[in-house]
A.B. asks: 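Please find one structure pasted underneath; my questions will follow.
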Amino acid sequence: WYKKKMPKRGSGKGHAINIWQVYDMRQSMNCNQIAKKLFGINENSTYNKVVMAYYKQVKRACDKACEIMKQINPVDA
């Protein structure tokens, strides 16, 4: 009964930022620079939890795009 009444985990909204935009930017910038550019922040992610959350969001988007690219173009070893 308890599990039926509780909402399921995850928002199901997908990514808030475009993963392909992050993937393209990743070719010339690191994730911290991308987060600063996309979200308009100038602080260091080490000292600020909000900035760290933005950084992690960019990192997840980049990882997801890289995973998709690997599935599309597998490298023959």
Side-chain angles (χ1 to χ4, degrees):
W1 181 82
Y2 176 75
K3 289 185 178 181
K4 289 181 182 178
K5 299 293 181 184
M6 293 299 296
K8 294 188 178 191
R9 292 188 148 198
S11 62
K13 295 179 184 175
H15 293 284
I17 56 178
N18 186 352
I19 63 173
W20 301 115
Q21 180 184 10
V22 172
Y23 182 78
D24 291 338
M25 293 172 78
R26 182 76 171 118
Q27 307 305 320
S28 61
M29 293 188 273
N30 64 28
C31 290
N32 203 12
Q33 292 170 336
I34 295 170
K36 287 181 180 183
K37 184 171 183 178
L38 287 179
F39 296 105
I41 49 178
N42 292 324
E43 298 180 35
N44 192 346
S45 61
T46 307
Y47 306 115
N48 191 333
K49 289 183 180 181
V50 175
V51 178
M52 181 58 85
Y54 290 145
Y55 169 78
K56 287 182 179 180
Q57 186 176 0
V58 168
K59 180 83 170 110
R60 284 190 303 268
C62 186
D63 290 344
K64 182 67 175 176
C66 289
E67 180 182 324
I68 291 171
M69 289 302 292
K70 285 180 184 176
Q71 290 176 356
I72 293 172
N73 298 322
V75 178
D76 295 330

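Residue numbers start at 1 and run along the sequence shown.
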A.B. asks: So which atom in Val58 and which in Cys31 form the shortest heavy-atom distance, rounded to 0.1 Å?
C.D. replies: CG1-O, 3.8 Å
A.B. asks: Applying side chain to side chain donor-acceptor pair (under 3.5 Å) as the test, list every pair that has at least one member in residues 32-43; sequence neighbours left out.
C.D. replies: Glu43-Asn48
A.B. asks: How about Ile34 and Leu38: do any of their side-chain heavy atoms sit closer than 4.5 Å?
C.D. replies: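 Ile34 vs Leu38: side chains touch.
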A.B. asks: Can you list every ring pair (Phe, Tyr, Trp, His ring centres under 6.0 Å) pair that touches residues 42-72, not counting sequence neighbours?
C.D. replies: Phe39-Tyr54
A.B. asks: Any chance you could measure Met25, atom CE, to Ile17, atom CD1, to the nearest 0.5 Å?
C.D. replies: 9.0 Å
A.B. asks: Is there a path of hydrophobic side-chain contacts, each under 4.5 Å between heavy atoms, that joins Met29 and Met52?
C.D. replies: no
A.B. asks: Just how far is it from atom CZ of Arg26 to atom SG of Cys66, taken to the nearest 0.5 Å?
C.D. replies: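 So the CZ of Arg26 and the SG of Cys66 are separated by 7.0 Å.
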A.B. asks: What pairs with Asp63 under side chain to side chain donor-acceptor pair (under 3.5 Å), at least two apart in sequence or on another chain?
C.D. replies: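 Here the qualifying residues are Lys59.
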A.B. asks: Of the non-hydrogen atoms in Ala65 and Ile19, which two are nearest, and what is the gap between them?
C.D. replies: CB-O, 3.8 Å
